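Here the structure is laid out as structure tokens; the discussion comes afterwards.
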Amino acid sequence: MNDISLSLLAIAIAVFIVTVGILLSRSKSKQREEALAAYCSANNYRFSVTKEAATRRITVEGDNWRIENGWRISGNSALPGSSDSQRETVFVCGDENPMRKTFALMISGGSSNLNAVPDWVRNMAITQLRSRLGLEMRGLSSVRTVQFQGGRSALLFETKLSEADSALELLRRPLSAWRGQPPLYLECSPEKIRVSLPGNAMDSPEQIDEIIHIGLSLC
């Protein structure tokens, strides 16, 4: 073969590999959608999928809550799971409860133990959580570390020390059962509950069910 033939062969192989990758990704995506639709049907949840050229969003809804997960493809990537896609899963419960305490917590990939890290790491973690908080959370001035079973710890913001203790007891079981990858951000107030997982587009029944249980434990 001459150089031109070799170059054409290399291009053909590359196109074939990309095409196979796209077809396999779409096949797996369809299987996950079918499994999630069956899960929603069994639990009387509403299920929908929205697809556009560069976005894909799955929505699961109950009577007073919804969970959305999706991704936006950036650049020239054709695969949703690639490093060029932006993914996130968000649970929101809009059931108002005036007895519910206002607090926020973050489970990160590293240590959340404020007593076990240098001051600059502590300050960076606090700044990271504050940057994601809604306006109703900006008055939370007490910061501490809370531990959960399985070795996970969380950075907790409260209006005052131990204000959220009763809510944390409700969260311990579902957060201990959660097998997903951090970070996880949770905001709780009398108006709503919001759980967000940036970088994670969870679309299996098991993953979705774990996040629903975390959010509904406080609703």
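Predicted model only: the values in this text are computed from it and were never measured.
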Next on the checklist: Is there a side-chain contact (heavy atoms from CB on, under 4.5 Å) between L218 and C93? Walk through the geometry before answering.
Outcome noted: CA-CA 9 Å; L218 298 173; C93 173; over 6 Å; no
Hydrophobic clusters here meaning ILVMFWY residues chained together by side-chain heavy-atom distances under 4.5 Å, can you tell me if [X] and [Y] are in one?
{"X": "I58", "Y": "V92", "result": "no"}
{"X": "I107", "Y": "L170", "result": "yes"}
{"X": "L156", "Y": "L161", "result": "no"}

Next on the checklist: Within a 6.0 Å radius of atom CZ on R46, are there more than 12 heavy atoms belonging to other residues, nucleotides or ligands?
Outcome noted: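 It does: R46 CZ has more than 12 such atoms within range.
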Between [X] (side chain only) and [Y] (backbone N and O only), is there a donor and an acceptor less than 3.5 Å apart?
{"X": "R66", "Y": "V90", "result": "no"}
{"X": "E210", "Y": "R179", "result": "yes"}
{"X": "T127", "Y": "N123", "result": "yes"}
{"X": "T89", "Y": "N69", "result": "no"}
{"X": "S162", "Y": "D165", "result": "no"}
{"X": "R100", "Y": "S189", "result": "yes"}

What heavy-atom pair brings [X] and [Y] nearest, and what distance separates the two atoms?
{"X": "T145", "Y": "S153", "value": "CG2-CB, 4.1 Å"}
{"X": "S141", "Y": "T159", "value": "OG-O, 3.6 Å"}
{"X": "P98", "Y": "P190", "value": "CA-CB, 4.0 Å"}

Next on the checklist: For residues 36-70, which residue pairs pass the ring pair (Phe, Tyr, Trp, His ring centres under 6.0 Å) check, not counting sequence neighbours?
Outcome noted: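 For residues 36-70: Y39-Y45, Y45-W65, W65-F91.
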Next on the checklist: I want to check something: taking the side chain as every heavy atom from C-beta on, are N43 and I212 in contact at a cut-off of under 4.5 Å?
Outcome noted: no
Next on the checklist: Are L140 and T102 packed together at the side-chain level, in the sense that at least one heavy-atom pair is separated by less than 4.5 angstrom?
Outcome noted: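 Yes, their side chains come closer than 4.5 Å.
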Item to check | Step-by-step side-chain contact (heavy atoms from CB on, under 4.5 Å) determination, L186 to L175 | outcome: CA-CA 11 Å; L186 184 148; L175 280 178; 5.8 Å; no
Next on the checklist: Do the side chains of E158 and R144 get close enough for a salt bridge, i.e. N-O under 4.0 angstrom?
Outcome noted: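 Counted as a salt bridge, because a side-chain N and a carboxylate O are separated by less than 4.0 Å.
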Item to check | Contact list for residues 118-216, test disulfide bond (SG atoms under 2.5 Å apart), sequence neighbours left out | outcome: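 Sorted pair list comes back empty.
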